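Here's the structure we're looking at; comments come further down.
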Amino acid sequence: MGTKGEERQWHLVRNDNGEWISDENVEFLSNEEARHLQIMAKMAGKKLSIQHGCDGELWCYKHEKKTIKI
């Protein structure tokens, strides 16, 4: 067992399919950021899955965002 400072605090978010995803793989977005990313992804022919979290939070997968040139 590690010390209290060494313990990893896991935070999970649920995607639209009900799967749990580590917050390390998620980027939370404002409405404006989400719309901008959707437009940029479409123009680049890239996949972007905007997900809807609790309380209306929007987020996307970090690996998808990295493939879109902003």
Side-chain angles (χ1 to χ4, degrees):
M1 291 250 217
T3 65
K4 193 171 191 173
E6 294 174 338
E7 291 179 18
R8 168 71 166 108
Q9 295 294 322
W10 291 98
H11 299 280
L12 301 173
V13 294
R14 186 172 242 162
N15 70 11
D16 290 346
N17 292 330
E19 302 164 321
W20 290 101
I21 309 296
S22 167
D23 66 346
E24 292 177 345
N25 299 314
V26 167
E27 175 116 10
F28 289 96
L29 307 167
S30 68
N31 288 339
E32 294 80 22
E33 290 171 318
R35 183 70 184 138
H36 178 73
L37 280 174
Q38 287 175 319
I39 292 168
M40 297 303 292
K42 186 171 185 170
M43 290 173 55
K46 303 286 183 174
K47 179 182 176 186
L48 179 68
S49 301
I50 299 293
Q51 304 290 315
H52 303 84
C54 298
D55 300 328
E57 295 174 316
L58 297 176
W59 61 271
C60 69
Y61 295 97
K62 283 185 180 179
H63 70 274
E64 288 182 357
K65 184 178 178 187
K66 286 181 184 177
T67 65
I68 301 168
K69 303 274 190 235
I70 299 175

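For this chain, numbers begin at 1 and follow the sequence in order. Small disclaimer: the values here were computed from a predicted structure and weren't measured.
When the side-chain contact (heavy atoms from CB on, under 4.5 Å) test is applied to Asn17, the partners found at least two apart in sequence or on another chain are Asn15, Glu19.
Smallest separation of non-hydrogen atoms from Ser30 and Leu58: O-CD1, 4.4 Å. Closest approach of Ile68 and Ala41 over heavy atoms only: CD1-CB, 3.5 Å.
Hydrophobic clustering, defined by side-chain heavy atoms of Ile, Leu, Val, Met, Phe, Trp and Tyr closer than 4.5 Å, groups Ile39 together with Met43. Residue Phe28 is found in a hydrophobic cluster whose other members, listed by chain and number, are Val13, Ile21, Val26, Trp59, Tyr61; membership requires side-chain heavy atoms under 4.5 Å apart, directly or through intermediates.
With values rounded to the nearest 0.5 angstrom, Glu24 atom CD is found 7.5 Å from Lys62 atom NZ. Separation of atoms CG (Leu29) and SG (Cys60) is listed at 4.5 Å; rounding is to 0.5 Å.
Sorted by first and then second residue, the pairs that involve residues 27-47 and meet salt bridge (Lys or Arg N to Asp or Glu O under 4.0 Å), not counting sequence neighbours, are Glu27-Lys65.
Side-chain atoms of Asp16 and His52 form a donor-acceptor pair, as typed in the model, at a separation below 3.5 Å.
Inter-residue side-chain proximity for Gln38 and Leu48 is flagged as met; some heavy-atom pair is nearer than 4.5 Å. Glu64 is listed as a side-chain neighbour of Ser49, based on a closest heavy-atom distance under 4.5 Å.
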Kindly indicate, with the supporting measurements, whether the criterion side-chain contact (heavy atoms from CB on, under 4.5 Å) is fulfilled by Leu12 and Asp23.
CA-CA 5 Å; Leu12 301 173; Asp23 66 346; over 6 Å; no
